[in-house]
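To start, the structure under review is shown below, and the notes come after it.
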2 protein chains.
Amino acid sequence: MPHTYEFPRPALTVDCVVFGFDGSGLQVLLVKRGIEPFLGAWALPGGFVRMEENLESAARRELEEETSLREVFLEQLYSFGEPGRDPRGRVVSVAWYALVRPDQHPPKGDTDASDAAWFPIDGLPGLAFDHERILAMALDRLRGKIRYQPVGFELLPKRFTLTQIQALYEAILGRTIDKRNFRKKLLAFDFLIPLEEFTGGAHRPARLHRFDRRKYDALAKRGFLFEL
Amino acid sequence: MPHTYEFPRPALTVDCVVFGFDGSGLQVLLVKRGIEPFLGAWALPGGFVRMEENLESAARRELEEETSLREVFLEQLYSFGEPGRDPRGRVVSVAWYALVRPDQHPPKGDTDASDAAWFPIDGLPGLAFDHERILAMALDRLRGKIRYQPVGFELLPKRFTLTQIQALYEAILGRTIDKRNFRKKLLAFDFLIPLEEFTGGAHRPARLHRFDRRKYDALAKRGFLFEL
DNA sequence: GCAAAAGTGTTTATGTTACACCCATGT
DNA sequence: ACATGGGTGTAACATAAACACTTTTGC
């Protein structure tokens, strides 16, 4: 019997903090627990890691099973392993955070069986386990990351207006930003492509743009700082 | 039997990337493996997590057991869980990185039983498991972190000269820095306290400074950017 | 024609970069 | 007295911040 097997093992789970943006505020996707413990409470989507899958696959599988979300931006956040964080016994959780575009959002009620629902970041219900702590850490990470990595685009439609992305930055950073300075700086990076398409609606149409990842990657390799 | 126990479980380990600075180059502390697999190979210090300890405690315990290091700066890095990363079976490792001051370095040969030794970052031996990948990630993290968080001081003696800290930044960032600009900026932050003590040695004595964490924390709370 | 959001430049202040010489000590 | 590393200021340049009005559309 290999050395490995002489030790009792903690159980291993993954949990996902799923962020969305509705045009004015940051939101988080939660699921209502259908089993004990914390039956009926809201929690982060997640579950046990299987023996043959890697950690990211486990996170993506749970995400799809519980929220129908596929092919989202997903990045590892932190691992939580306080004894006592799960009343069932020793459970270590590898936490991830995901960013999803509005056009990827699951239609409400689409999720099979137990409920999943979006909550505004400043109107969250109490959460099961230590999920509030995990969520707080994910939010910190997002706030830090968005300032020097182009992750904001993962929360917007593929084609978006400059006003939309400014609203996103203002919502996440929690302060207003000067419109002219913001646009000047963002466009100077030269990884946003202005399209010949415009929004419709009640007022002056706004030009749509898309993020050019190739251009960004090229710049990033040349040792480049984002810093919005 | 609780739900938790129905699943086969990966084994859980912690591994630590321990950085040091010898005045001119960054170094990593490795241990020579005394058991299979990879017997005789160099590896990151680490080992299995016990059922009753949290992840950080496990990392600190293994660090002390294998390298005699205590009370070092320690921060979680990432969790690695590719099936196949350990030939013994499914093993998930929560990786950490540590920063140790020269005056904390274990005297060579102090470490009980199997060897531990410092290696220069650009002269590393091949490593066991996927430890090269873990180390590469730790190095990336350190390079990124040192630019906007005051972690560099954790690699220097409590009292240090400005030339020492500049050498540290140059070694980690891999480029030379202008002496006058570096000192101007660093001192302007006002969290370095100049002492009335000086180095001895062959040349003009250099003033010693210490890092004032209270002042730094106060600044940091007022929403403050380091950015060297 | 009015309400609502889109779009656009210039000036000022601040921060960053480049750069060269004198000082204090031990040998 | 010389070799070695310690220490210091200023000017040019680049980036960031502040700031207000005109345009386009739907109603």
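We name chains A, B, ... by the order of the sequence lines, and we start the count at 1 in each one.
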Could you state the [atom1]-[atom2] distance from [X] to [N], rounded to the nearest angstrom?
X	N	atom1	atom2	answer
Arg175(A)	dA16(D)	CZ	P	13 Å
Phe198(B)	dG6(D)	CZ	P	13 Å
Leu187(A)	dG9(C)	CG	C1'	14 Å
Leu186(B)	dT8(D)	CG	P	13 Å
Phe160(A)	dA5(C)	CZ	P	21 Å
Gln166(B)	dG7(D)	CD	C1'	12 Å
Ile177(B)	dC19(C)	CD1	P	17 Å
Asp178(A)	dA20(D)	CG	P	11 Å

If I compare all heavy atoms of [X] with all of [Y], which pair ends up nearest, and what's the gap?
X	Y	result
Ile134(A)	Leu77(A)	O-CD2, 3.8 Å
Phe191(B)	Lys215(B)	CB-CB, 4.2 Å
Val14(A)	Ser93(A)	C-OG, 3.9 Å
Val151(B)	Leu99(B)	O-CD1, 3.6 Å
Ala167(B)	Gly23(B)	CB-O, 3.9 Å

I'd like a list of close polar pairs between nucleotides 25-27 of chain D and the protein, N/O only, cut-off under 3.5 Å.
{"residue": "dG26(D)", "atom": "O4'", "partner": "Ala202(A)", "partner atom": "O", "Å": "2.6"}

Toward the 5' end of DNA chain D, by each residue's nearest nucleotide, Asn181(A) or His209(B) =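 The 5'-side residue here is His209(B).
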
For Arg180(A) and Arg207(B), take the nucleotide of DNA chain D holding the closest heavy atom to each; which residue's nucleotide lies nearer the 5' end?
->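 Taking each residue's closest nucleotide, the earlier one in sequence belongs to Arg207(B).
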
Under 4.0 Å: is that the gap between some side-chain N or O of Lys185(B) and OP1 or OP2 of dG15(C)?
-> no

Phosphate OP1/OP2 of dG7(D) contacted by Arg183(B) side-chain N/O (<4.0 Å) |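 Yes, within the criterion.
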
Pair [X] + [Y], salt bridge at N-O below 4.0 Å:
X	Y	answer
Glu154(A)	Arg101(A)	yes
Arg60(A)	Glu56(A)	yes
Arg207(B)	Glu196(B)	yes

NA contact type, [X], heavy-atom cut-off 4.0 Å: base, sugar-phosphate, or nothing?
X	value
Lys184(A)	base
Thr163(A)	sugar-phosphate
Lys179(B)	base

Taking five pairs at each end of the helix from dG1(C)-dC27(D) to dT27(C)-dA1(D), what angle separates the two helix axes (nearest 10°)?
->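 The angle, to the nearest 10 degrees, is 0°.
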
Quick one: does Glu66(A)'s side chain have a donor or acceptor within less than 3.5 Å of a partner on Ala116(A)'s backbone?
-> no

